[in-house]
Amino acid sequence: MECPRLYDVTDLPALEFDPFLWESLKDAPVSRIRLPHGEGDCWLVTRHADVRFVTSDRRFSRDIVGRSVPKMTKHFIPLDRAVSFVDPPDHARVRAVVAPAFTQRRMDLLRPRAQAVLDRLVDGLLEAGPPADVVRHVTSPFPLEVISELLGIPAADRTRVRDWAQILLSRASDHAAAERAKQVQQAARAYFRELAALRRAEPRNDLMSAMVAAVDEGRIDEEELLALATLMGLNGWHAVRNNASNMVYALLTEKGLMDRLQSEPALVPQAVEELLRWIPHKHGVGQPRIATEDVEVGGVLIRQGDFVYVSYVAANWDEQVYPDPGRIDVDRQGPPHVAFGHGPHFCVGPMLARMESELLLATLARRLPTMRLATPRTQVRWQTEVLIRGPVDLPVTW
């Protein structure tokens, strides 16, 4: 058997596509790899059809808590009872508690409030510059305020949650960083336990109150609540902050994109979908599955007990599905992207992320039609040691 390749993720410039993933997609779409941390080898699946197969086939289980697994990080990011690591039917039971908060109807009700937050933040950007940092003034605080309003995190606590997310959702490649991440995990758990107690005493119209009610009704337990709250509170800011910033970077650097959205505002939802497909937002791979029996994937036999990772980033650049995948084409037709995952573990909040992204691009195109980078693109600073890629700042002028 061929020796597994080491996938030791390095920080890439700007939004450059990961060459390891590109090589895997073209030459070895189902291949054995080694990761920087954990024990043993694992499989990496990159082709669009194979990724969809693995993520929807119940013979690949997410119930891996407590196992020694090959992994990207030195620490284990989620809490033990996180819905990410629960198989159906328990997965559906836990997910059903929060799913009503992310329906299209709820997003339609939330949209005016989110627009008001965004307009206030853009006002602040205009008052601060030019030049001004669009990340600091807009793309970072916007998703933080929206997810905090939805979940019920008080305004005074939001910067703390933001800072926790930045630490916990890092690659933490050394012992000190892993220890910091472990401490943050414990602090976040304690915080959300306190917030749940407050909402039990004084319920409000927020998601934390709904989760507390679900605990009291016996639909989920307290540990599942804490894992859900931590996942949504931290990732609901971090992932959207970075992907929204990436979208703005593309808006500023991809020739003709801003002009197109200004002349055809109705194209914004299509542009968001294409950017979600195109942006290589993740460093490395996500969370593993384990094969519960022998399964053939893409003509390759995966044995019972083997760990399997999929790359949604690679699947979104599969040339067999998306011709010329490296080109942003807002008129592109074809199968939906898998930026939010696939199968039972499909992200619970894609409608929220879409709404935020659509509001952001439409508002910037309308209110700052001459916006451009205030520095050469080569001088834009990018975050390092993170799992979800994004710029540190985006100085803009107009």
Side-chain angles (χ1 to χ4, degrees), residues 73 75 77-79 82 98 101-102 110 113-114 116-118 120-122 124-125 128 132-172 177-196 198-199 206-208 211 226-249 281-283 347-349 352-353 355-357 359-360 381-395:
T73 62
H75 66 299
I77 293 174
L79 299 180
V98 297
F102 296 97
L110 181 60
R113 289 164 52 198
V117 169
L118 182 57
R120 172 170 52 79
L121 295 173
V122 172
L125 176 77
D133 178 10
V134 74
V135 172
R136 176 188 172 193
H137 288 283
V138 181
T139 60
S140 179
F142 178 47
L144 181 63
E145 290 202 30
V146 172
I147 192 63
S148 296
E149 287 283 331
L150 192 66
L151 192 55
I153 299 172
D157 297 336
R158 293 172 187 178
T159 55
R160 182 165 37 155
V161 170
R162 178 199 66 195
D163 294 342
W164 285 340
Q166 194 69 14
I167 295 171
L168 187 59
L169 298 170
S170 70
R171 292 211 301 272
E179 279 300 308
R180 285 195 300 273
K182 185 176 180 180
Q183 291 169 9
V184 161
Q185 192 180 70
Q186 294 170 346
R189 175 190 174 92
Y191 170 76
F192 285 115
R193 188 185 296 277
E194 291 177 6
L195 185 58
L198 288 174
R199 292 296 181 266
D206 56 37
L207 192 48
M208 179 58 78
M211 290 191 290
L226 296 176
L228 272 172
T230 303
L231 176 68
M232 290 186 294
L234 275 59
N235 203 48
W237 167 74
H238 188 267
V240 179
R241 177 259 188 223
N242 283 348
N243 225 22
S245 302
N246 291 335
M247 287 187 182
V248 175
Y249 178 81
H281 59 283
K282 282 188 178 180
H283 272 308
C347 175
V348 73
L352 176 62
M355 181 195 72
E356 291 172 305
S357 299
L359 289 178
L360 177 67
R381 298 182 303 150
W382 292 81
Q383 295 189 66
T384 59
E385 288 291 311
V386 293
L387 295 170
I388 307 234
R389 301 166 67 178
V392 174
D393 49 29
L394 278 177

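Distance check: His238 NE2 to Gln383 CD gives 5.5 Å after rounding to the nearest 0.5 Å. With rounding to the nearest 0.5 angstrom, the CZ atom of Phe192 is 9.0 Å from the CG atom of Leu226. In this structure, the separation between CG on Asn243 and CZ on Arg389 is 11.0 Å, given to the nearest 0.5 Å. Note that the CZ atom of Arg158 and the CD1 atom of Ile147 stand 10.5 Å from one another [nearest 0.5 Å]. A distance of 11.5 Å separates CD1 in Ile388 from CZ in Arg241, rounded to the nearest 0.5 Å. For the atom pair Thr73 OG1 and Leu387 CG, the distance stands at 6.5 Å (nearest 0.5 Å).
Residues Ser245 and Thr139 share a closest heavy-atom pair of OG-OG1, 2.8 Å. Heavy atoms only, all atoms of each residue included: Asn246 and Gly390 are closest at OD1-CA, 3.4 Å. In terms of heavy atoms, Leu144 sits closest to Arg162 at CD2-CB, 4.1 Å. Taking both residues in full, the closest heavy atoms of Arg199 and Gly152 are given as NH2-O, 2.8 Å, listed atom of the first, atom of the second, then distance. When all heavy atoms are compared, the tightest approach of Ala132 to His137 is CB-CD2, 4.3 Å. The shortest heavy-atom contact between Ala101 and Leu150 is O-CD1, 4.2 Å.
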* Where do Val184 and Arg180 land on the side-chain contact (heavy atoms from CB on, under 4.5 Å) test, with the steps shown first? -> CA-CA 6 Å; Val184 161; Arg180 285 195 300 273; 5.6 Å; no
* **Full working for side-chain contact (heavy atoms from CB on, under 4.5 Å) between Met208 and Leu198** => CA-CA 10 Å; Met208 179 58 78; Leu198 288 174; over 6 Å; no
* Checking side-chain contact (heavy atoms from CB on, under 4.5 Å) for the pair Val117/Arg120: CA distance, chi angles, key distance, verdict? -> CA-CA 5 Å; Val117 169; Arg120 172 170 52 79; 3.9 Å; yes
* To do: Check the pair Glu145 / Arg113 against salt bridge (Lys or Arg N to Asp or Glu O under 4.0 Å), numbers first and verdict last.
  => CA-CA 10 Å; Glu145 290 202 30; Arg113 289 164 52 198; over 6 Å; no
* Asked: Going through the distances and angles, do Val146 and Leu118 end up as a side-chain contact (heavy atoms from CB on, under 4.5 Å)?
  -> CA-CA 10 Å; Val146 172; Leu118 182 57; over 6 Å; no
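Within 6.0 Å of CZ in Arg136 there are 12 or fewer heavy atoms belonging to other residues, nucleotides or ligands.
Look at Arg381 and Asp393 and you find a salt bridge, because one of the NZ, NE, NH1 or NH2 atoms lies within 4.0 Å of a carboxylate O, short of that distance.
Side-chain atoms of Ser170 come within 3.5 Å of backbone N or O of Ile167 as a donor-acceptor pair. Although no hydrogens or angles enter the test, the distance criterion places a donor-acceptor pair under 3.5 Å between the side chain of Asp133 and the main chain of Leu394. A side-chain donor-acceptor contact under 3.5 Å links Trp237 to the backbone of Ser140. Side-chain atoms of Asn242 do not come within 3.5 Å of backbone N or O of His281 as any donor-acceptor pair.
In this structure, Leu352 and Pro143 have side chains that are not in contact, with every pair of non-hydrogen atoms separated by 4.5 Å or more.
Under the rule for a side chain to side chain contact (heavy atoms under 4.5 Å, CB included), the partners of Val161 that lie at least two apart in sequence or sit in another chain are Ile153, Trp164, Tyr191, Leu234.
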